[in-house]
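Shown next, in structure tokens, is the structure this report addresses.
Keep in mind the model is a prediction, meaning the values are calculated, not measured.
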Amino acid sequence: ASRGRTTCCRTGALPARALDYSFRNITDSDGPYTSFGGAPAINNGGDVAFIATLDTDVTGIFNGSFPGTDTIVDDEGPYDGPIDYPSINNAGTVAFRAWLDPTPDDVFGGRGIFTGPDPALDTVADDNGTDFGDFDSPSIADDGTVAFAAILPNGSFGIYKGADPVADLVADTSGPYADPMLAAAINGEGTVAFYAQLDSGAGGIFTGDDPVNDTVATSAGPYAAFLIPAINDAGTVIFLATLDAGGEGIFRGPSPSGDKVVDSSGPYADFDAYSINASGTVVFSASLDAGTVGLFTGPDPVADKVVAEGDPLFGSTVAFVSLLTENLNDNGEIAFSYVLADGLRGVAVARPGSLERSIGASEPFAGVRLTSA
């Protein structure tokens with residue numbers, strides 16, 4: 001069994017619905033962690049990377065309940081806070097953004113994109129040279145390629161897939177794009193989706209340096225404004241947008257009717273974050289018209305509910321749940337942060353189906369994950 005140390009010390013089941021989920025508790029504030037930041041990322045192996053602060057006031061990115069063995073990076077070494085935006089690929093490599101400790105030569109410490117605890121070995125790109133000035137959130141592909149948005153020293157923006165601003169350029173503001181360019185997301189094929197403004201003044205979601213051929217959607221049509229994109233290995237891009245006609249939703253393309261995943265014309269009031277996997281399944285966080293916050297996978301908040309405020313979970317009830325854009329893997333597992341009514345905070349994974357499985361003496365154990373030991 002793999003990664004037995006992410007032992008589920010609490011279990012919970014929700015009321016029956018179209019698709020039942022079981023819940024694996026990765027870790028919580030009953031142990032060495034005090035608080036959790038942002039939202040976790042998950043890969044196809046079920047490994048989760050999350051931001052947390054320890055009882056000792058150390059902050060970092062971790063992948064399990066035991067900081068001694070489950071620390072990916074923290075601010076006790078060469079990194080300074082904030083350390084944020086973890087992205088994990090199927091090999092288990094985590095890309096993140098962080099500040100470096102100040103030095104006599106650089107009293108501000110510098111900032112960069114990294115993939116491990118040693119900046120000398122694990123730097124993707126940083127601002128200690130003349131190429132980059134600042135960075136947005138990274139996204140890592142299975143081959144280790146890291147995509148990110150960056151601000152150049154002259155104040156212009158670009159989207160990159162590595163440290164060389166020429167060879168690794170995806171798109172920048174020297175052509176038809178204008179500031180800002182943000183939120184790069186990369187898939188297994190190396191396609192990068194991002195948000196950008198155009199010289200024409202419209203904003204949109206794009207996948208390359210040519211807006212004629214690489215446009216997913218722009219505000220020149222029925223959309224008014226956009227938030228960050230997510231992309232799967234099939235090249236499907238989803239994004240949150242507000243509409244000229246009012247309301248908002250999550251969409252896959254230029255037509256709010258034909259490319260709609262879900263919108264606020266029904267029981268949902270607004271949306272916060274979303275992920276898409278290789279099969280096209282989408283999970284998102286949303287508030288209902290009734291005020292309840294939860295995670296859902298479709299337009300019906302009852303049939304498509306994963307977990308929501310007021311649901312029983314780990315011996316209490318849910319007070320809050322959250323995710324970002326890399327929280328759904330190809331097995332349908334969803335990594336999320338939670339706060340319970342009893343004050344417990346933590347990171348968990350929702351998995352379609354039951355956690356329990358009977359295995360005969362002659363059957364292989366492939367794919368079996370420990371929930372207790």
Look at the side-chain heavy atoms of Ile, Leu, Val, Met, Phe, Trp and Tyr, link any pair under 4.5 Å apart, and say whether [X] and [Y] land in one connected group.
X	Y	value
Val282	Val306	no
Ile61	Tyr85	no
Val318	Val339	no
Leu169	Tyr195	no
Val307	Val283	yes

With distance as the sole test, does [X] use its side chain to make a donor-acceptor pair with the main-chain N or O of [Y] at under 3.5 Å?
X	Y	value
Ser22	Gly353	yes
Arg97	Phe135	yes
Asp80	Leu100	no
Asn331	Glu333	no
Asn89	Ala141	yes
Asp311	Ala308	yes
Ser264	Glu248	yes
Thr123	Pro119	yes
Ser156	Thr173	no

Pairwise side-chain contact, [X] with [Y], heavy-atom cut-off 4.5 Å (strictly under):
X	Y	result
Pro86	Ile51	yes
Tyr177	Asp199	no
Val48	Asn63	no
Val192	Ile159	yes
Thr59	Asp74	no
Tyr338	Phe36	no
Pro40	Asn327	yes
Asp122	Pro117	yes

Geometric class of the [Y]/[X] ring pair [parallel <30°, tilted 30-60°, perpendicular >60°]:
X	Y	answer
Phe62	Phe50	tilted
Tyr160	Phe132	perpendicular
Phe96	Phe114	tilted

Where do [X] and [Y] come nearest, in terms of heavy atoms and distance?
X	Y	value
Val170	Phe194	CG1-CE2, 4.2 Å
Ala41	Ser87	CB-CA, 4.4 Å
Gly332	Pro352	O-CD, 3.3 Å
Ile72	Ala49	CD1-CB, 4.1 Å
Gly258	Ser255	N-OG, 2.9 Å
Ser285	Leu295	CB-CD2, 3.7 Å

Is Arg111 salt-bridged to Asp134, cutoff N-O under 4.0 Å?
yes
Result block: side-chain N/O donor-acceptor pairs under 3.5 angstrom for residues 230-247, not counting sequence neighbours:
from: Asn232; atom 1: OD1; to: Ala234; atom 2: N; distance (Å): 3.2
from: Asn232; atom 1: OD1; to: Gly235; atom 2: N; distance (Å): 3.1
from: Asn232; atom 1: OD1; to: Thr236; atom 2: N; distance (Å): 2.8
from: Asn232; atom 1: ND2; to: Asn277; atom 2: O; distance (Å): 2.8
from: Asp233; atom 1: OD1; to: Gly188; atom 2: N; distance (Å): 2.6
from: Thr242; atom 1: OG1; to: Ala225; atom 2: N; distance (Å): 3.3

Is atom CG of Asp57 surrounded by more than 12 heavy atoms (other residues, nucleotides or ligands) closer than 6.0 Å?
no
Determine whether more than 12 heavy atoms belonging to other residues, nucleotides or ligands lie under 6.0 Å from atom CZ of Arg345.
no
Nearest-0.5 Å distance that lies between atom [atom1] in [X] and atom [atom2] in [Y]:
X	Y	atom1	atom2	value
Thr297	Asp300	OG1	CG	9.5 Å
Lys305	Asp20	NZ	CG	10.5 Å
Thr207	Ile186	OG1	CD1	12.0 Å
Ser337	Leu323	OG	CG	8.5 Å
Asp330	Thr281	CG	OG1	9.0 Å
Phe206	Gln197	CZ	CD	8.5 Å

Would you be so kind as to tabulate the donor-acceptor pairs closer than 3.5 Å made by side chains of residues 214-221, with sequence neighbours excluded?
from: Asp214; atom 1: OD2; to: Asp209; atom 2: N; distance (Å): 3.3
from: Asp214; atom 1: OD2; to: Asp210; atom 2: N; distance (Å): 3.0
from: Thr215; atom 1: OG1; to: Pro211; atom 2: O; distance (Å): 2.3
from: Thr218; atom 1: OG1; to: Ala220; atom 2: N; distance (Å): 3.1
from: Ser219; atom 1: OG; to: Gly203; atom 2: N; distance (Å): 2.9
from: Ser219; atom 1: OG; to: Gly203; atom 2: O; distance (Å): 3.3

Can you check side-chain contact (heavy atoms from CB on, under 4.5 Å) on Asp263 and Ile250, steps first, answer last?
CA-CA 6 Å; Asp263 65 20; Ile250 299 170; over 6 Å; no
Before you tell me yes or no, could you show the steps for Val349 and Ile334 under side-chain contact (heavy atoms from CB on, under 4.5 Å), namely the whole-Å CA-CA distance, both residues' side-chain angles and the distance that decides it to 0.1 Å?
CA-CA 5 Å; Val349 172; Ile334 302 160; 6.0 Å; no
Option from Asp47, Asn43, Asp142 for which side-chain hydrogen bond (donor to acceptor under 3.5 Å, both in side chains) with Asn90 holds:
Asp142
What verdict does the salt bridge (Lys or Arg N to Asp or Glu O under 4.0 Å) test give for Asp168 and Lys161, after you've listed the backbone C-alpha separation in whole Å, the side-chain angles of each residue and the deciding distance to 0.1 Å?
CA-CA 5 Å; Asp168 297 323; Lys161 292 198 289 186; over 6 Å; no
Sole residue of Tyr274, Phe251, Phe271 in ring-ring contact (aromatic ring centres under 6.0 Å, His included) with Phe284:
Phe271
How far apart are the C-alpha atoms of Phe148 and Asp136, what are their side-chain angles, what is the distance that settles it, and do they pass the side-chain contact (heavy atoms from CB on, under 4.5 Å) test?
CA-CA 6 Å; Phe148 56 90; Asp136 195 10; over 6 Å; no
Is there a side-chain contact (heavy atoms from CB on, under 4.5 Å) between Thr115 and Val94? Walk through the geometry before answering.
CA-CA 5 Å; Thr115 57; Val94 176; over 6 Å; no
When you check the side-chain N and O atoms of Ser139 and Glu326, is any donor under 3.5 Å from an acceptor?
yes
